[in-house]
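Since the structure comes first, as structure tokens, the remarks are kept for the end.
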Amino acid sequence: MIILTCVFVSGYQPNGQAPISSTEKGITNSVEANGIDVPRFTPPRKLTTQDIPMVVDDFRVAARNAIEGGFDGVEIHGAHGYLIEQFLKDGVNDRTDEYGGSLESRCRFALEVVDAIVKEIGADKVGIRLSPFIEFNASADSNPNALGLYMAESLNNYKILYCHMVGPMMKEVGVKVESPYTLVPMRKAFKGTFISVGGYDMEDGNNAVAKNETDMLNALLNNYNWETYYTPNPVLGYTDYLFWKPRFKSIGVGIDMRRSC
Ligand SMILES: *[C@@H]1O[C@H](CO)[C@@H](O)[C@H](O)[C@H]1NC(C)=O
Ligand SMILES: CC(=O)N[C@H]1CO[C@H](CO)[C@@H](O)[C@@H]1O
């Protein structure tokens, strides 16, 4: 499984060009990923309406390449402030075309990406990760519950392999908070395998599975290595993790950042 995401600060772009976004607003704070020195975010270029089909097509091509490269499937990264989430959330998306404004319009880009990838490689090879409640990288929404629910319901049209959602209990990596929200409505709405993460310890996780609030939580995965997050090296931290049998040949991690200034 490889995670499909896109766009970084300009230092990671061909010819140092600006990263793309739904908006031209940048992130004003400088960003450090867990103490690792990452380049400061650089101002984004707002995609025009005409640009969007080309970006959707880039995701399609990336999925095709992943399959040809030997991965079993792809996870579309629609979480944590990356490009897709910059469209989903009204705290970021300030567009006035058909990709901004209403919930339906803000979700259009994400669903076009899902549709293109499903048509290219088959729904049984596609998952998506979403984090409606998480405000990483200055990406907030005024109604995360409605956003999560709308996406869960809309995804049913594509019959993808799984929906992977980050719960509201995680405010920062490893820090658990109380929240009036849960992922239960999304879990019920999504007709497929539902994976939950964020803020669970072993006991909470086992309880959630026992109560049928999710399908998958705990698996023996590779230990991640923060030191190799956010590097421009195409292999280190991306495709060098151990294989996990029997379901997936390998877990690759793709990282990007986004708009800023
Ligand atoms: C668990 O929840 C799912 C989704 O709401 C539902 O389809 C399934 O029937 C439930 N399973 C059990 C054993 O209750
Ligand atoms: C400033 C900030 O919150 N940065 C975060 C952006 O999102 C990634 C997770 O994908 C975090 O690791 C960064 O810390």
Side-chain angles (χ1 to χ4, degrees), residues 1-5 59 63 66 71-82 84-85 88 107 110-111 113-114 117-118 121-134 136 139 144-145 147-177 179 181-224 229 241-255:
M1 211 62 166
I2 190 159
I3 298 173
L4 289 191
T5 178
F59 275 95
F71 286 94
D72 293 330
V74 302
E75 178 173 292
I76 300 165
H77 201 333
H80 294 180
Y82 298 124
I84 290 174
E85 206 187 57
L88 294 176
C107 295
L111 295 171
V113 169
V114 171
I117 292 179
V118 162
I121 65 171
D124 60 337
K125 296 188 178 67
V126 181
I128 190 168
R129 179 173 167 101
L130 299 167
S131 59
F133 299 100
I134 309 298
F136 278 169
S139 57
N145 207 49
L147 174 61
L149 205 49
Y150 181 86
M151 280 300 292
E153 282 165 357
S154 305
L155 287 168
N156 289 331
N157 297 330
Y158 305 94
K159 313 236 177 327
I160 56 173
L161 186 60
Y162 67 82
C163 177
H164 177 182
M165 243 188 233
V166 185
M169 298 184 309
M170 185 179 74
K171 271 290 165 220
E172 288 170 45
V173 175
V175 179
K176 188 174 159 181
V177 293
S179 169
Y181 297 111
T182 74
L183 293 180
V184 172
M186 295 79 184
R187 188 276 191 279
K188 289 197 168 139
F190 181 70
K191 312 268 176 261
T193 299
F194 194 81
I195 306 177
S196 309
V197 294
Y200 293 98
D201 58 22
M202 179 76 87
E203 194 188 344
D204 297 330
N206 287 336
N207 280 339
V209 174
K211 291 195 306 199
N212 194 24
E213 289 179 4
T214 190
D215 293 311
M216 292 162 78
L217 267 160
N218 208 10
L220 283 174
L221 299 176
N222 286 308
N223 286 325
Y224 58 75
Y229 275 31
Y241 281 92
L242 290 176
F243 287 11
W244 180 42
K245 291 171 181 163
R247 286 200 67 201
F248 303 124
K249 282 196 202 111
S250 62
I251 308 262
V253 187
I255 304 290

Next on the checklist: Testing the basics here: between A189 and E153, what is the closest heavy-atom pair and its distance to 0.1 Å?
Outcome noted: CB-CG, 3.8 Å
Item to check | Within-4.5 Å side-chain heavy-atom neighbours: L155 and L130 | outcome: yes
Next on the checklist: Quick check: do M151 and F190 have side-chain heavy atoms less than 4.5 Å from each other?
Outcome noted: no
Checklist entry - Looking at H80 and S139, what are the two nearest heavy atoms and their distance? => result C-OG, 4.3 Å
Item to check | Test item: S131 side-chain N/O and V166 main-chain N/O as donor-acceptor pair under 3.5 Å | outcome: no
Next on the checklist: Give me the atom names and distance for the closest heavy-atom approach of G148 to M165.
Outcome noted: O-CE, 3.7 Å
Checklist entry - Taking atom CG of L111 and atom CG of N157, what is their separation to the nearest 0.5 Å? => result 8.0 Å
Item to check | Gap separating the CG atom of D124 from the CG atom of D72, nearest 0.5 angstrom | outcome: 10.5 Å
Checklist entry - Are C107 and L88 close enough that some pair of their side-chain heavy atoms sits under 4.5 Å apart? => result yes
Checklist outcome for this item: Scanning both residues in full, the closest heavy-atom pair of D215 with F194 reads OD2-N, 2.8 Å
Checklist outcome for this item: Scanning both residues in full, the closest heavy-atom pair of I134 with G167 reads CD1-O, 3.3 Å
Checklist outcome for this item: Rounded to the nearest 0.5 angstrom, the NZ-CG distance for K211 and D204 is 9.0 Å
Next on the checklist: Run the ring pair (Phe, Tyr, Trp, His ring centres under 6.0 Å) test against Y158 and tell me which residues pass, sequence neighbours left out.
Outcome noted: none
Checklist entry - side-chain contact (heavy atoms from CB on, under 4.5 Å) with I121: which residues, sequence neighbours excluded? => result A63, R64, I67, V74, I117, K125, V126
Next on the checklist: Any heavy-atom pair between the side chains of L147 and F133 that's under 4.5 Å?
Outcome noted: no
Checklist entry - Can you check whether T214 reaches V209 side chain to side chain, under 4.5 Å on heavy atoms? => result yes
Next on the checklist: What's the separation between atom CG in L183 and atom CG in L149, rounded to the nearest 0.5 Å?
Outcome noted: 11.0 Å
Next on the checklist: List the residues meeting side-chain hydrogen bond (donor to acceptor under 3.5 Å, both in side chains) with N212, not counting sequence neighbours, and say none if there are none.
Outcome noted: R187
